[in-house]
Amino acid sequence: MSATAQPEVVTRFAPSPTGFLHIGGARTALFSWLYARHHDGRFLLRIEDTDKARSTGAAIEAILEGMRWLGLDWDGHEYYQSQFAARHAEVANDLLARGHAYRCYMTAEELSAGRERAQAERRPYRVESPWRERSDGDADRPFVVRLKAPREGETAIEDRVQGRVVVQNGELDDMVLLRSDGSPTYMLAVVVDDHDMGVTHVIRGDDHLNNAFRQLGIIRAMGWPEPVYAHVPLIHGQDGAKMSKRHGATGVMDYHELGFLPEALSNYLLRLGWGHGDEEIISREDAVRWFDLDHVGKSPSRFDTKKLENLNGHYIREADDGRLAGLVAPRVAPLIGRDLSTAEIELLVRAMPELKPRAKTLNELAENTTFLYRSRPLDFEEKAAQLLAGEAPRLLARAWAALNALDEWSALATEAAVRSTAEVAGVKLGQVAQPLRAALTGRATSPGIFDVLALLGREESLARIADRMDGAE
RNA sequence: GGCCCCAUCGUCUAGCGGUCUAGGACGUCGCCCUUUCACGGCGAAAACACGGGUUCGAUUCCCGUUGGGGUCACCA
């Protein structure tokens with residue numbers, strides 16, 4: 001270790017396993033990850049499972065899956081908060097012993113009565129326990145351990161994102177540290193774990209800013225070093241309210257399901273609330289190189305699916321054809337009612353250069369490939385059927401004849417044949433090409449028609465055309 | 001409601017007292033390319049919430065108003 005070494009940066013992501021990895025959580029995880037990587041520090045993952053009733057193993061798996069999908073690797077093993085209960089109690093008892101906490105014997109009824117009274121008198125509610133100054137409680141009765149928070153003065157936080165934030169201590173109440181069953185609350189657990197894990201920078205959602213003041217109470221009472229705080233603004237839905245279920249897809253894996261690439265979501269999330277000049281397309285490498293807390297915006301930002309789609313389209317175009325085929329094949333299967341064979345996947349790879357510029361999601365891409373795998377007779381969408389009416393069958397017959405006479409079957413060769421067919425028939429290329437597209441794909445839109453011809457191959461192409469041409473001629 | 005936070009085009013943002021007739025991106029609308037749809041290229045419309053200060057000078061600093069958001073558990 002060199003003499004000039006800065007203290008190591010340690011960040012963490014601490015989700016509670018009560019559901020999937022939320023899009024907002026994913027972004028704070030991304031920021032924490034980026035900050036640690038930028039500073040050659042460590043990024044830790046801690047599962048906050050102190051609420052045994054709501055935590056599930058499935059949720060833990062879902063969160064880890066989301067993290068892995070986004071490429072947010074954590075250092076070391078993941079920590080489970082519930083395993084540190086004894087340590088949490090130890091800290092609470094230490095606080096108790098040193099007079100920074102007290103046993104509170106207030107009943108649930110007393111608590112709610114106080115709350116209702118405050119409500120009726122229209123004044124802010126704050127727990128005021130008579131036990132704060134008493135120590136003559138009956139140890140046989142249930143009690144909780146509360147922090148004896150300072151009443152005078154104020155507490156300030158120098159937040160790396162929000163700036164200096166000050167709260168009057170009188171606003172803070174004596175929060176519960178240990179529940180009546182002896183289990184630790186979140187407030188106690190986070191602080192103890194962050195300290196024990198050596199976390200130097202607490203980067204989390206803005207909704208925790210108020211908690212930070214309470215947590216500082218514990219930190220100071222214990223005489224521990226205060227972490228650097230960075231409370232990043234929340235992500236809002238289109239209506240400007242905190243993103244939630246009713247905004248539709250809010251889970252990271254929902255976006256996987258919808259056909260988004262992880263690098264697209266990641267790039268999008270990075271740009272939401274953070275910017276680096278005019279840069280829009282940012283690689284992971286550049287993100288690590290450029291990321292800093294100073295440029296994190298202070299206001300919440302709205303989630304814009306259109307921009308995400310645009311980014312996704314970009315990354316799809318950039319993606320390797322083989323990789324895309326691997327991702328798309330499973331999405332094609334349900335559309336055609338069977339799995340793709342090895343040969344068909346190879347065809348998908350070959351078709352990819354023509355297919356990928358035309359899709360914004362993998363699902364759209366899958367949808368656009370089905371013409372390659374459908375069996376005759378094709379079914380035709382409305383617009384395609386229209387293209388096959390009128391003169392089309394007659395023109396198709398002429399095109400068929402020209403194509404059938406070809407020695408070589410390539411995009412170049414078929415193009416020459418179709419062009420001359422149109423010329424000889426005295427019509428514009430489109431008048432032949434459009435019916436051809438409809439006959440070959442069943443759709444009114446598709447990749448370039450000569451590429452379609454080449455991809456489908458001579459036999460299948462001629463057969464599909466024959467199905468729709470005027471046999472009399 | 002108390003407390004806390006926020007405020008540049010419809011959206012994401014650049015801007016960190018003069019370089020701003022405010023830049024980029026998405027979206028929207030034109031045009032070009034073109035057998036369709038995309039991709040790509042070119043162009044257009046589009047913002048400093050309002051009112052006071054401070055200053056020679058405010059988008060940038062301060063205060064207020066308005067608007068928006070967050071938070072007020074023996075949940076995390």
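In the text below, chain A, chain B and the rest are named by the order of the sequence lines, each starting its count at 1.
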Determine the interatomic distance between [atom1] on [N] and the same-named atom on [M]; round to the nearest Å.
| N | M | atom1 | result |
| --- | --- | --- | --- |
| B:rA45 | B:rG30 | C1' | 10 Å |
| B:rA46 | B:rU13 | C1' | 15 Å |
| B:rG15 | B:rG69 | C1' | 24 Å |
| B:rG64 | B:rC3 | P | 13 Å |
| B:rC39 | B:rA76 | C1' | 46 Å |
| B:rC63 | B:rC20 | C1' | 26 Å |
| B:rG67 | B:rA49 | P | 16 Å |
| B:rG10 | B:rC48 | C1' | 16 Å |

Taking atom [atom2] of [N] as reference, at what distance in whole Å does atom [atom1] of [X] sit?
| X | N | atom1 | atom2 | value |
| --- | --- | --- | --- | --- |
| A:Leu270 | B:rA25 | CG | C1' | 14 Å |
| A:Phe371 | B:rU36 | CZ | P | 17 Å |
| A:Glu171 | B:rG1 | CD | P | 16 Å |
| A:Gln431 | B:rU35 | CD | C1' | 11 Å |
| A:Tyr80 | B:rA76 | OH | P | 18 Å |
| A:Leu436 | B:rC37 | CG | C1' | 16 Å |
| A:Met175 | B:rC3 | CE | P | 21 Å |
| A:His208 | B:rA73 | NE2 | P | 15 Å |

Counting only non-hydrogen atoms, which of residues 48-55 of chain A are less than 4.0 Å from RNA chain B? A:Glu48, A:Thr50, A:Asp51, A:Arg54
Phosphate OP1/OP2 of B:rC72: any A:Arg214 side-chain N/O under 4.0 Å: no
Phosphate OP1/OP2 of B:rA25: any A:Lys306 side-chain N/O under 4.0 Å: no
The answer to which of A:Met187 and A:Asp207 contacts RNA chain B further toward the 5' end, by nearest nucleotide, is A:Asp207
Assuming nearest nucleotide by heavy-atom distance, tell me which of A:Lys356 and A:Ala14 is located more 5' along RNA chain B. A:Lys356
Looking at every strand, decide which applies to [X] at a 4.0 Å heavy-atom threshold: base, sugar-phosphate, or nothing.
| X | answer |
| --- | --- |
| A:Arg46 | nothing |
| A:Leu234 | sugar-phosphate |
| A:Pro15 | nothing |
| A:Arg204 | nothing |
| A:Lys383 | nothing |

Is any NZ, NE, NH1 or NH2 atom of the basic residue among A:Glu367 and A:Arg443 found under 4.0 Å from an Asp or Glu carboxylate oxygen of the other? yes
Decide if atom CH2 of A:Trp400 counts as having more than 12 heavy atoms of other residues, nucleotides or ligands within a radius under 6.0 Å. no
Please determine whether the number of non-hydrogen atoms from other residues, nucleotides or ligands lying under 6.0 Å from atom CD of A:Glu78 exceeds 12. yes
Counting heavy atoms from C-beta on, name the nucleotide in [options] closest to the side chain of [X].
| X | options | value |
| --- | --- | --- |
| A:His236 | B:rU35, B:rG69, B:rC26 | B:rG69 |
| A:Val144 | B:rU35, B:rC74, B:rC37 | B:rC74 |
| A:Asn211 | B:rU35, B:rA76, B:rC74 | B:rA76 |

Contacts under 3.5 Å, N or O only, protein and nucleotides 40-51 of chain B:
| unit_1 | atom_1 | unit_2 | atom_2 | d |
| --- | --- | --- | --- | --- |
| B:rG40 | OP1 | A:Arg317 | NH1 | 3.3 |

side-chain hydrogen bond (donor to acceptor under 3.5 Å, both in side chains) between A:Asp181 and A:Ser183, worked out: CA-CA 6 Å; A:Asp181 67 357; A:Ser183 67; 2.7 Å; yes
Should [N] form a Watson-Crick or G-U wobble pair with both distances under 3.5 Å, which nucleotide is its partner?
| N | answer |
| --- | --- |
| B:rU36 | none |
| B:rC42 | B:rG30 |
| B:rC50 | B:rG64 |
| B:rA25 | B:rU11 |
| B:rC72 | B:rG1 |
| B:rU19 | none |

Is there a donor-acceptor pair closer than 3.5 Å between any side-chain N or O of [X] and the backbone N or O of [Y]?
| X | Y | value |
| --- | --- | --- |
| A:Arg317 | A:Gly313 | yes |
| A:Asn312 | A:Leu261 | yes |
| A:Thr185 | A:Val176 | yes |
| A:Arg132 | A:Lys148 | no |
| A:Glu381 | A:Ala444 | yes |
| A:Arg271 | A:Glu279 | yes |

Going 5' to 3' through nucleotides 4-16 of chain B, assign each nucleotide B (protein heavy atom under 4.0 Å from a base atom), S (under 4.0 Å only from sugar-phosphate atoms) or - (no protein heavy atom that close). SSSS---SBSSS-
Using the ring of A:Phe380 (Phe, Tyr or Trp, six-membered ring only), decide whether A:Arg468 places NZ or CZ under 6.0 Å from its centre and within 45 degrees of its axis. yes
cation_pi(A:Arg103, A:Phe143) dist<6.0 Å, angle<=45: yes
Go through A:Trp274 and A:Asp292 one step at a time and tell me if the side-chain contact (heavy atoms from CB on, under 4.5 Å) criterion holds. CA-CA 9 Å; A:Trp274 179 83; A:Asp292 58 17; 3.4 Å; yes
Taking it one step at a time, do A:Asp207 and A:His231 satisfy side-chain contact (heavy atoms from CB on, under 4.5 Å)? CA-CA 8 Å; A:Asp207 49 348; A:His231 289 92; over 6 Å; no
Between A:Glu152 and A:Asn169, a side-chain donor and acceptor under 3.5 Å: no
Between the base of B:rC39 and the side chain of A:Arg358, is there any donor-acceptor pair under 3.5 Å? no
